Amino acid sequence: MSTFALVDGNNFYVSCERVFNPQLEKRPVVVLSNNDGCAVARSQEAKALGVKMGAPWFQMQALARKHGIVALSSNYTLYADMSNRMMAVLEKFSPSQEVYSIDECFLGLDGFHTDLTAYGQAIRQQVKCWTGLPTCIGIGPTKTLAKLANHIAKKQREWAGVCDLGKLSEHALNDLLERIDVGEVWGVGRRIREKLVRLGINTALDLKRAEVAFIGDYFSVVTQRTVVELQGVSLLQLEEVAPARQQIMCSRSFGLPVTQLTDLQQAIISYTTRAAEKLRRQSSLCRAVHISIRTNPFRQKDAQYSPGLTVTLPKATCDTLKLAQAGLWGLQRIYRPGCRYAKAGVILLDLVPAEIRQTSLFTDHETDKKNAQQLMQTMDAINQRMGKDAVFLAGAGVEKRWHMKQGNKTPRYTTEWKELVVVQC
DNA sequence: TCTGGGGTCCTAGGACCC
DNA sequence: TCTGGGGTCCTAGGACCC
C-alpha cells in the first residue's frame, strides 16, 4: 500500500508577493498573466469578491476600483526562485519527491509509521518558517486521492491545512467524496465533467463507484485510470526525475497589434533564442522548428488568420542562429500583409539527446560546428552571469515596440543584486 | 483599447503498403 | 463497368494539467 502527500502552495504567486510586501496581507490581490491579460492568481480576499481564475482583467476594472484590488504583473523570476526554495525545504521530508508544478510537489510517504497529520503540520510549519509561504497538504493512498485530499484541506477549514484520507474509514471517506463535485477530481476537466453528469455521475463518490468498463465505453483509458485510483489502487507512480521535454515552446501575445513583417521577425528571433536556451539546458538537439502567428481571435470584426508551419532541419542542432534562420524562412512563407497580428510562437520539435562531448575535447575537423558550439556556450554563460539578454542576436531588435505589457511588476527581490531587499536595522 | 503560456497524452482518421 | 481488407505509421486536434 502506497502513501502519497501532495503539498501545494496557497495562492502561490500572491503569497510570493506577500513575503516581500506584507502590506498586501489581508487585502484583495491578484497576479496577472503575461501582457497583464488575465487573473492567474488571486488571494482569498479577491476570490471572495468574485474574481474568477483566468478572468480577463480589463473586464474587472470596475470591481477592482470599487474594492481596491491590487493587481500585479507576473514576476516569474521571483516565483521560480521561491519555488526552488520551497522544493528544497520539502525535499528534506521524504526520500522521494516529484516536483509536479511550480507550486506543488508529491512526496512519497511509504513506510512512515507516524501520525501523518502531525507530520504534515510539521512540514507546513517548516516551509512557512523558512520561506514565508503558506501551504496545504493532502495525503492518500494514490496520487489522485492525495490531490483530492489537498483540495479538501484547502476548502474545508476544519482540517487546518492537512487532510489525510488514508486514516478515514471507508464510510467516512465515502461521506466526504459524496459532497465533492466530480469536476474537482484530478483529470476531470470541463468537457469530461459535462459528459459524466449527463451519464448521471455527479460526485467524486459516483465516479469511484462507476464500472471501469462502462467508463471505457465513453472515455479514454486516462479516465478509467482515474476511477481505479479513486478506488484506492495506485496506478500513477512518483516520477522523481523529470523526463527530458519532448518539445520546447516559446510564445507571447504582443503588447500592441503588429502588422509589419520586421516586427514579427524580431519576435520570432527573440522567442527562438529563449527556446534554444531551454533546449541546450536539457542537452538536446532539435530537428524541426514550428512557427505560428495569429490575429486576435476576440476581435470578431477583424479578418482572422492564424497560420503555422513546420520547418524540417537538414541536421539536428541547438544553434540559435540556425534555428532562427529556419524560423524566419518559415515566417516569410506564412506572413500575409494587412493583418493585425496579436501573437507569435516558436516550438522546437523532434528533440534528440545531444552527444555528451566537451567542446574542449573536440578533435575532429568540423570547425564550423565547433565554432557554433563555442559561440552558443559563450552566449549562455554570459547571459547566465550578466543577466538575460546581456548578449542577443541583433535581429531580435532593441526597441521592441511589440513587447508585452507589464504595468505593475514588482522587483526581482531574490535574484537581482540591484533589487535585493534591504533590511533596516 | 485591453482576453496567458507551456506542457502531456490519447484518439480518430488519412496515407500508404501489401 | 466491376474495384478488398488489414496493418502500420503519422498527424491534427481535443482533452487535460498548472
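This structure is a prediction, so every number in the text was calculated from the model and none was measured. Every chain is numbered from 1 and lettered A, B, ... according to where its sequence line falls, protein lines coming before strand lines.
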Could you check whether [X] gets within reach of a base, just the sugar-phosphate, or nothing at all, counting any heavy atom under 4.0 Å?
| X | result |
| --- | --- |
| A/Trp57 | nothing |
| A/Gln61 | nothing |
| A/Ile347 | nothing |
| A/Ile192 | sugar-phosphate |
| A/Asn34 | sugar-phosphate |
| A/Arg299 | sugar-phosphate |

Minimum-distance nucleotide to [X] side chain [options: [options]]:
| X | options | answer |
| --- | --- | --- |
| A/Asp103 | B/dC10, C/dC18, B/dG4 | C/dC18 |
| A/Pro56 | B/dT8, B/dT3, C/dC17 | B/dT3 |
| A/Cys250 | B/dG6, B/dT8, C/dC18 | B/dG6 |
| A/Lys147 | C/dC17, B/dC2, B/dT11 | C/dC17 |
| A/Lys405 | C/dC17, B/dC2, B/dG6 | B/dC2 |
| A/Met249 | C/dC18, B/dG6, B/dG4 | B/dG6 |
| A/Tyr100 | C/dA15, C/dC17, B/dT3 | C/dC17 |

For atom [atom1] of [X] and atom [atom2] of [N], their distance in whole Å:
| X | N | atom1 | atom2 | answer |
| --- | --- | --- | --- | --- |
| A/Leu236 | B/dC9 | CG | P | 12 Å |
| A/Lys278 | B/dG6 | NZ | C1' | 7 Å |
| A/Arg287 | C/dC10 | CZ | C1' | 15 Å |
| A/Leu6 | C/dC18 | CG | C1' | 12 Å |
| A/Asn296 | B/dC2 | CG | P | 6 Å |
| A/Phe298 | B/dT1 | CZ | C1' | 14 Å |
| A/Phe219 | B/dT11 | CZ | P | 13 Å |
| A/Asn75 | B/dG4 | CG | P | 20 Å |

Enclosure of A/Arg385 CZ (heavy-atom neighbours >12, cutoff 6.0 Å): no
Donor-acceptor contact present, side-chain A/Gln304 to main-chain A/Asn296, <3.5 Å: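 At least one qualifying donor-acceptor pair exists.
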Centroid-centroid distance, A/Trp186 to A/Tyr100, less than 6.0 Å: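 Close enough - the centres of the two rings lie under 6.0 Å apart.
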Using a cut-off of less than 4.0 Å, is there contact between a side-chain N or O of [X] and OP1 or OP2 of [N]?
| X | N | value |
| --- | --- | --- |
| A/Ser220 | C/dA15 | no |
| A/Ser253 | B/dT3 | no |
| A/Arg252 | B/dG6 | yes |
| A/Lys195 | C/dA15 | no |
| A/Arg225 | B/dC9 | no |

Under-4.0 Å salt bridge between A/Asp36 and A/Lys405: no
Test: A/Arg27 and A/Glu17 ion pair at under 4.0 Å: no
Beyond-backbone contact of A/Asn11 with A/Lys47, side-chain heavy atoms, under 4.5 angstrom: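 Of all side-chain heavy-atom pairs linking A/Lys47 with A/Asn11, at least one is under 4.5 Å.
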Flag side-chain contact, heavy atom, 4.5 Å: A/Gln265 against A/Gln332: yes
Counter-base of C/dC16, judged by Watson-Crick or G-U geometry with both distances under 3.5 Å: B/dG7
Same-atom distance (P) from C/dT3 to B/dC17, integer angstrom: 23 Å
Residue whose nearest DNA chain B nucleotide is more 5′ - A/Gly255 or A/Ala244: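 Final value for this comparison: A/Gly255.
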5' priority, DNA chain B, between A/Val221 and A/Met404 [closest heavy atom]: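 It is A/Met404, whose closest nucleotide lies nearer the 5' terminus.
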